[in-house]
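This report concerns only the one structure given below.
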Amino acid sequence: MSNEKAILALLQGCNSLKRLRKIHAHVIVSGLHHHVPIANKLLNFCAISVSGSLAYAQLLFHQMECPQTEAWNSIIRGFAQSSSPIDAIVFYNQMVCDSFSIPDTFTFSFVLKACERIKAERKCKEVHGSVIRCGYDADVIVCTNLVKCYSAMGSVCIARQVFDKMPARDLVAWNAMISCFSQQGLHQEALQTYNQMRSENVDIDGFTLVGLISSCAHLGALNIGVQMHRFARENGLDQSLYVGNALIDMYAKCGSLDQAILIFDRMQRKDIFTWNSMIVGYGVHGRGSEAIYCFQQMLEARIQPNPVTFLGLLCGCSHQGLVQEGVKYFNLMSSKFRLKPEVKHYGCLVDLYGRAGKLDKALEIVSNSSHNDSVLWRILLGSCKIHKNVTIGEIAMNRLSELGATSAGDCILLATIYAGEKDKAGVARMRKMIKSQGKKTTPGWSWIEIGEQVHKFVVDDKSHRYSVEVYEKLREVIHQASFFGYVGDESISSLDMLSTMETLKTSCTYHSEKLAIAFGLARTADGTQIRIVKNLRVCRDCHSFIKAVSVAFNREIIVRDRVRFHHFKGGECSCNDYWVMVGRIIMVGQLVQMKTKDASRVKNVFFHVGWRKEERKRGLCA
DNA sequence: TTAGGGTTAG
């Protein structure tokens, strides 16, 4: 065997840098360091292998007299997957400007990977131009890399254009496009792409499923999610860790926590995503105790928690009113698990205290937090609304103003607190602030899935194709609900003074969730569950309304709002009205005022909404 | 000799 062949064989079996150095020394002694295949092999090992060394690779590269494309590819690839992807771009620039070597499809794939990792948008576009000039714009792998790269920058339109122009798309390209939409929050587009994929008879695999299931989770599209689950089972993909994790999250986010638990229990292997999905699932359903139990099991399974774990735990504690436990886990984060709480964790802590009415403590935390973040003050302001605390509410608002972060939503929160105190001047100030600063409210919307179609309703929606039917049904539903305890928001009368405020004028009557529920009642079979996904928090009026509807129409209604889940059944809600405690008392007061007019109706109302204590207290029952 | 796709929070 020739010396060259012997060295190449040695390099083939090389598995450590130490051994490689010995081979390199032998290469130099043999005068073969300019032998191109040997030099390339040495470089490739150092640049790519886990036991290689990029520093050594650079040394070898610079010793090359005239590196060919293969050598450039090795060094660019090595840096693209390293902790310093920018160096991959530096080498690519050198290759293009200072060498005679021409980039090929591999070069473009590697440099695009580097662009994606550091979100180098301009460079990505420049490389895209070179791809076209070099005639590689029909290459399925390079184009898939471009789709991924543009997706990482959030340039979904360009990613879609690249995808659409591809002369042939394989499964990986379709999956990249679906993931792009899913990751950018364009979930309906992800599902539409899947439909297009199906119409072109492309088979799907586990990767496709994960993106689609994730989109179903965000949309609350349980019916489609169940179909995906069925497909996974029939094709043996439900054993995949990724698919299982996505399913747990989907079922939890679509309100079927029991199904999520079932999948979780059956998973053979569980990783941090599995545990977190379950803990977060318990958390957003307000089941703090179970989130804690799950967390303890996770530790027993020797899985180390991460910041997401604690968000789930804190969310559960906050919504179940487990103040002490929440504080304990917040402290454990840093003391035991060496995780530095982020602003979101502080947000949970402020919410935990604020929701429980411990506003002084919540204020102390926001004031002392190194995170001078408007989000924390906004959470505090929200708690002040629940507990009608003007003083701390004003402090929060002032801080928001100082931070230049006041929104129309904040003004409305404080205006509502003032209105509750009959403070007309305060309300007027908020009105002025909204008008003078031209602040806009976030329009509320709700989704409802009917069959395989997700319908979106916005507040006062007249654009939906079935608008006439929806409004007609809603009038009937409100009428029916009024026999079961729905009397309209207690704050409406006190907010009369707000009625002149243009931006606050929107009636609670046509909030998006009411329109979606009316549509759901009209379009689904008696007794079936109705599930709604909403972008904002459910307001107090809608909360009362849905409770009454659940009993009037004998429907289980599950609402996922911005913060948590509400399971309405038989006139009760799973949140136990934890966040509307103050509102409940006022509402009872209003009902008692009605008593003089129609005592039997008031009794009926109390019965159906389950306020037995109130009934007894007011002598309406034994 | 070298390439492309996946899940939790926000």
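Residue numbers begin at 1 in each chain, while the letters A, B, ... track the order of the sequences.
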Practice item. Counting heavy atoms from C-beta on, name the nucleotide in dT8(B), dT7(B), dT2(B) closest to the side chain of Asp271(A). Key: dT7(B)
**Study point:** Side chain of Lys148(A) - closest among dG6(B), dT2(B), dA3(B)
**Key:** dG6(B)
**Study point:** Listed nucleotide nearest any side-chain atom of Ala173(A), set dT2(B), dA9(B), dG4(B)
**Key:** dG4(B)
Check your understanding: Looking for any heavy atom pair under 4.0 Å, which part of the strands does Ile178(A) touch: base, sugar-phosphate only, or nothing?
Key -> nothing
Review point. Rounded to whole angstrom units, what separation is found between the CD1 atom of Ile272(A) and the C1' atom of dA9(B)?
Key: 12 Å
Point to revise | N or O in side chain of Gln81(A) less than 4.0 angstrom from dA3(B) OP1/OP2 | key: no
Practice item. Would you indicate what Asn73(A) reaches in the nucleic acid, counting non-hydrogen atoms under 4.0 angstrom: base, sugar-phosphate, or nothing? Key: base
Check your understanding: Hey, mind stepping through Trp174(A) and Tyr194(A) against ring pair (Phe, Tyr, Trp, His ring centres under 6.0 Å) and telling me if it holds?
Key -> CA-CA 8 Å; Trp174(A) 281 98; Tyr194(A) 162 64; 9.8 Å; no
Exercise for review: Indicate whether OP1 or OP2 belonging to dT8(B) is found under 4.0 Å from a side-chain N or O atom of Thr309(A).
Suggested key: no
Exercise for review: Can you check whether any acceptor in the base of dG4(B) is under 3.5 Å from a donor in the side chain of Asp170(A), or vice versa?
Suggested key: yes
Review point. Looking at the side chain of Val210(A), which of dT7(B), dA3(B), dA9(B) is the nearest nucleotide?
Key: dT7(B)
**Study point:** Phe310(A) vs Phe337(A), ring pair (Phe, Tyr, Trp, His ring centres under 6.0 Å): CA-CA, chis, key distance, verdict
**Key:** CA-CA 11 Å; Phe310(A) 286 94; Phe337(A) 299 101; 5.7 Å; yes
Review point. Which of parallel (below 30°), tilted (30 to 60°) and perpendicular (above 60°) describes Trp72(A) and Phe61(A)?
Key: perpendicular
Review point. Do any N or O atoms from the side chain of Asp205(A) and from the backbone of Thr208(A) form a donor-acceptor pair under 3.5 angstrom?
Key: yes
Review point. Just checking His218(A): base, sugar-phosphate only, or nothing, at a heavy-atom cut-off of under 4.0 Å?
Key: sugar-phosphate
Exercise for review: Mind checking Thr208(A) for me? I need base, sugar-phosphate or nothing, with any heavy atom below 4.0 Å counting as a touch.
Suggested key: nothing
Review point. To the nearest Å, how far apart are Arg560(A) CZ and dA9(B) C1'?
Key: 13 Å
Check your understanding: What integer distance in Å separates Gln184(A):CD from dG6(B):P?
Key -> 13 Å
Review point. Ser179(A) near the nucleic acid: base, sugar-phosphate alone, or nothing, with a heavy-atom cut-off under 4.0 Å?
Key: sugar-phosphate
Review point. Is Ser240(A) touching bases, backbone alone, or none of the nucleic acid, heavy atoms closer than 4.0 Å?
Key: base
Revision key, fill the gap. Side-chain atoms of Ile141(A) come closest, of dG10(B), dG4(B), dT2(B), to dG4(B)
Check your understanding: By centroid distance (under 5.5 Å) and plane angle (under 30°), are Phe273(A) and dT7(B) in a stacked arrangement?
Key -> yes
Study note, to complete from the structure: Rounded to whole Å, CE of Met228(A) lies from P of dT7(B) at a distance of 15 Å
Review point. What nucleotide among dT2(B), dG6(B), dG4(B) has an atom nearest to a side-chain atom of Val243(A)?
Key: dG6(B)
Check your understanding: Do the charged groups of Glu200(A) and Arg169(A) touch, with an N to O distance under 4.0 Å?
Key -> yes
Point to revise | From dA9(B), dG6(B), dA3(B), nucleotide with atom closest to Tyr242(A) side chain | key: dG6(B)
Exercise for review: Give the rounded distance in Å between these two atoms: CD1 of Ile279(A) and P of dA9(B).
Suggested key: 13 Å
Review point. Base, sugar-phosphate alone, or nothing: which one does Glu116(A) contact when heavy atoms must sit under 4.0 Å apart?
Key: nothing
Check your understanding: Touch check for Val140(A), heavy atoms < 4.0 angstrom, all strands: base, sugar-phosphate only, or nothing?
Key -> base
Review point. Lys253(A) side chain N/O closer than 4.0 Å to the phosphate oxygens (OP1, OP2) of dA9(B)?
Key: yes
Point to revise | Length of the CE-P vector between Met250(A) and dT7(B), whole Å | key: 15 Å
Practice item. State which residue, out of Phe295(A), Tyr329(A), Trp275(A), fulfils the side chain to side chain contact (heavy atoms under 4.5 Å, CB included) condition with Pro305(A). Key: Phe295(A)
**Study point:** Between C1' of dT8(B) and CD of Gln183(A), the distance in whole Å
**Key:** 13 Å
Check your understanding: For the side chain of Asn306(A), counting heavy atoms from C-beta on, which of dG4(B), dA3(B), dT8(B) is nearest?
Key -> dT8(B)
Check your understanding: Ion pair present between Glu126(A) and Lys123(A), side-chain N to carboxylate O less than 4.0 angstrom?
Key -> yes
Exercise for review: Using a heavy-atom cut-off of under 4.0 Å over every strand shown, decide if Gly206(A) touches base, sugar-phosphate, or nothing.
Suggested key: base
Review point. Val172(A) has a side chain; which of dT7(B), dG4(B), dT2(B) sits nearest to it?
Key: dG4(B)
Review point. Heavy atoms under 4.0 Å, any strand shown: does Lys41(A) hit a base, just sugar-phosphate, or nothing?
Key: nothing
Check your understanding: Between Ile75(A) (CD1) and dA3(B) (P), how many Å, whole number?
Key -> 16 Å
Exercise for review: Could you please name the option among dT7(B), dG4(B), dA3(B) that lies closest to any side-chain atom of Ser214(A)?
Suggested key: dT7(B)
